[in-house]
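Below, chain A is the first sequence line, B the second, and so on; all start at residue 1. Keep in mind that what you see is a predicted model, and the values were worked out from it rather than measured.
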Protein chains: 2
Amino acid sequence: MDSAVVSNIKKPVGVPEPTVRRMPKYLNLLKSMQKEGDLFVSAPYIARLQGLDNTQVVKDLAYTGITGKPRVGYSIEELILALEDFLGFNRKHEAFLVGAGFLGSALIQYQGFKESGMRIVAAFDIDKQKVGKEIGGVPVFHLEKFRDLASRLHISMGIISTPAGAAQNIADLMAGWGIKAIWNFAPVTIKVPDHVFVQDTHLYANLAVILNKLTHPAK
Amino acid sequence: MDSAVVSNIKKPVGVPEPTVRRMPKYLNLLKSMQKEGDLFVSAPYIARLQGLDNTQVVKDLAYTGITGKPRVGYSIEELILALEDFLGFNRKHEAFLVGAGFLGSALIQYQGFKESGMRIVAAFDIDKQKVGKEIGGVPVFHLEKFRDLASRLHISMGIISTPAGAAQNIADLMAGWGIKAIWNFAPVTIKVPDHVFVQDTHLYANLAVILNKLTHPAK
DNA sequence: GATTATTAAAGATCTTTTTCTTTATTAAAT
DNA sequence: ATTTAATAAAGAAAAAGATCTTTAATAATC
């Protein structure tokens, strides 16, 4: 026997993340088509609009469990419902945000999240200038209130929009306080226990791609 | 001879995008190490902190042209300079932003971009409430001023933070007005001529990954 | 009713990216 | 000086993802 078989680590083997990332775009498109009265849509049509490969779209949509009909396409209504269910957009997701600076404020006030079911219900900071105020109708509490409120309101999602230096500390606290998923906007890699899921949105990474392209244009 | 050799399309074959996206994180880490007085760093050390594979880091850093010494590692100073050069962070990049809503305002005021050399020098909108005002010291003009100002100031980068419906239109205008790279925050796929580079930052896509995980937790 | 064109679905191939393996280098320890 | 341990570098293998190919289904057309 080979001692190298160290772990039968359960490989996630779920839906590919790139697929999940494309789904909101499909959903967006489908909703505007529905608004115009369309009932069916074909994968090639979606592919053309999104600049994707034909079969890519078919495979992505297959993950929702919805099947299309040859020569007709998919039922838009069915697809929308299935995508919303798949993405969890048809449930309520309440989130706490830590770091009520420019970015945090923008996230709180950003209207776009509404359709996803995600709602930031409270913000937290340690700056006394901010604590006690409201941003877009959302109250800003001192960080020390986080734990108590999170457990009482059964909050499972935390958003970190603090400076880089504070992010790991906040993440540790969140993990200890029962947060299941963290959306991290601070430009650092944060470490959390396995049962906590972290999604990074590093604006820097995107900016880097642009500036690199502008600085060293491909011939 | 095989007629299937249709195109000698110049494949970009540059640096892998995932690599470019990791580089700002390396840079960030290196700077804080330098601040603490460290002079050298090893790839395994970086890998551990970032949760990456050892050789991944070595390969990424190799693209900067800097070589490390066995048993010692890389010179932090050399690496920082090389990364800044590679990413274009040591040059000035002036950008125009269109769509001065919550998100646009946050981007304008976000302090984090300073170290990258990117500076938003003007914002544009069509809302008369916003035109003529300033946001964090940056003037907001009417969209119709974009073309003239962009050519006079030799602006090559445009940021789109408009609602989804306006994005394609703005992108068309930008492309026609000489913008070389577009940073798109609107949740739609925009089409541009080949010589214009688009980088999307779709907050939705990131949110989708989180909500999907929360809704359908992997066993 | 037969044919055709369009489409979804399933499978195969290719490409890209990551991870693993080996080799060579060199500072530190002996 | 010799050995050792840590490391970068280069190459091979594996994994993931995207694209291409083929097949089957079916609505529209003839």
Side-chain angles (χ1 to χ4, degrees), chain A residues 2 4-7 9-23 25-26 30 38-76 78-79 82 189 205 209 218, chain B residues 2 4-23 25-26 30 38-76 78-79 82-83 189 205 209 218:
Chain A
D2 187 351
V5 179
V6 171
S7 66
I9 289 176
K10 50 197 168 194
K11 21 183 174 179
V13 177
V15 179
E17 189 174 310
T19 294
V20 178
R21 298 180 63 86
R22 284 188 290 267
M23 282 181 170
K25 285 202 212 168
Y26 299 147
L30 292 170
D38 295 341
L39 295 176
F40 291 91
V41 64
S42 75
Y45 179 79
I46 295 176
R48 228 172 304 129
L49 288 184
Q50 306 275 20
L52 295 173
D53 185 85
N54 198 343
T55 56
Q56 180 88 80
V57 175
V58 171
K59 290 192 174 172
D60 285 346
L61 297 182
Y63 282 106
T64 66
I66 301 297
T67 64
K69 275 190 199 166
R71 190 83 200 204
V72 175
Y74 301 86
S75 155
I76 289 182
E78 265 191 344
L79 258 192
T189 304
V209 176
Chain B
D2 187 350
V5 180
V6 170
S7 64
N8 284 349
I9 289 176
K10 48 192 170 199
K11 21 185 175 177
V13 175
V15 180
E17 187 173 310
T19 294
V20 178
R21 299 180 63 85
R22 283 187 291 267
M23 282 182 171
K25 284 202 214 169
Y26 298 148
L30 292 171
D38 295 341
L39 294 176
F40 291 90
V41 64
S42 75
Y45 180 78
I46 296 176
R48 228 172 304 129
L49 288 184
Q50 306 277 19
L52 295 172
D53 184 84
N54 197 342
T55 56
Q56 180 88 79
V57 175
V58 171
K59 289 191 173 171
D60 286 347
L61 298 182
Y63 283 106
T64 65
I66 301 297
T67 64
K69 274 190 199 162
R71 189 82 199 209
V72 175
Y74 301 86
S75 154
I76 289 182
E78 267 192 342
L79 257 192
L83 280 169
T189 303
V209 176

Point to revise | Rounded interatomic separation in angstrom, taking OH from Tyr63(A) and P from dA8(C) | key: 17 Å
Revision key, fill the gap. Taken in chain and number order and not counting sequence neighbours, the residues that satisfy side chain to side chain contact (heavy atoms under 4.5 Å, CB included) with Pro70(B) are none
Please tabulate, one pair per line, each protein N/O and nucleotide N/O from nucleotides 11-13 of chain C that are separated by under 3.5 Å, including the distance.
| from | atom 1 | to | atom 2 | distance (Å) |
| --- | --- | --- | --- | --- |
| dG11(C) | O6 | Lys59(A) | NZ | 2.7 |
| dA12(C) | N6 | Lys59(A) | NZ | 3.4 |

Point to revise | Minimum heavy-atom distance between Gly68(A) and Tyr74(A), given as atom pair plus value | key: N-CE2, 3.4 Å
Practice item. Heavy atoms only: give me the nearest Lys25(A)-Gln50(A) pair and the separation to one decimal. Key: O-NE2, 3.4 Å
Exercise for review: Provide the closest heavy-atom pair for Val58(B) versus Ala43(B) in the form atom of the first, atom of the second, distance.
Suggested key: CG2-CB, 3.4 Å
Check your understanding: Base, sugar-phosphate alone, or nothing: which one does Thr67(B) contact when heavy atoms must sit under 4.0 Å apart?
Key -> sugar-phosphate
Exercise for review: Would you mind building the protein contact string for nucleotides 22-27 of chain C? One character per nucleotide, 5' to 3', B for base within reach (heavy atoms under 4.0 Å), S for sugar-phosphate only, - for untouched.
Suggested key: ---BBB
Exercise for review: State, to 0.1 Å, how close Ile76(A) and Leu30(A) come at their nearest heavy-atom pair, and which atoms those are.
Suggested key: CG2-O, 3.7 Å
Revision key, fill the gap. Contacts of Thr19(A) and Val58(B) projected onto DNA chain D by closest heavy atom; the upstream (5') one is Val58(B)
Practice item. Ignoring the backbone of Asp53(B), work out which of dT17(C), dT19(C), dA9(D) is nearest its side chain. Key: dT19(C)
Check your understanding: Within the distance-only criterion (no hydrogens, no angle test), does the side chain of Asp38(A) pair as donor or acceptor with the backbone N or O of Phe40(A) below 3.5 angstrom?
Key -> no
Review point. Leu61(B) versus Leu79(B): any side-chain heavy-atom pair under 4.5 Å?
Key: yes
**Study point:** Length of the line joining Arg48(B):CZ and dA6(D):P, which is rounded to integer Å
**Key:** 11 Å
Check your understanding: Between Arg22(B) and Gly73(A), who's closer to the 5' end of DNA chain C by nearest nucleotide?
Key -> Gly73(A)
Check your understanding: So, do Met23(A) and Thr64(A) sit near enough that their side-chain heavy atoms are less than 4.5 Å apart?
Key -> yes
Review point. At their closest point, which heavy atom of Pro16(A) faces which heavy atom of Tyr63(A), and how far apart are they?
Key: CD-OH, 3.3 Å
Revision key, fill the gap. Arg21(B) atom CZ is separated from dT16(C) atom P, nearest whole Å, by 18 Å
Review point. Any side-chain N or O of Tyr74(B) under 4.0 Å from OP1/OP2 of dA9(D)?
Key: yes
Practice item. Grab the CD-P distance between Gln56(A) and dA16(D) for me, whole Å please. Key: 16 Å
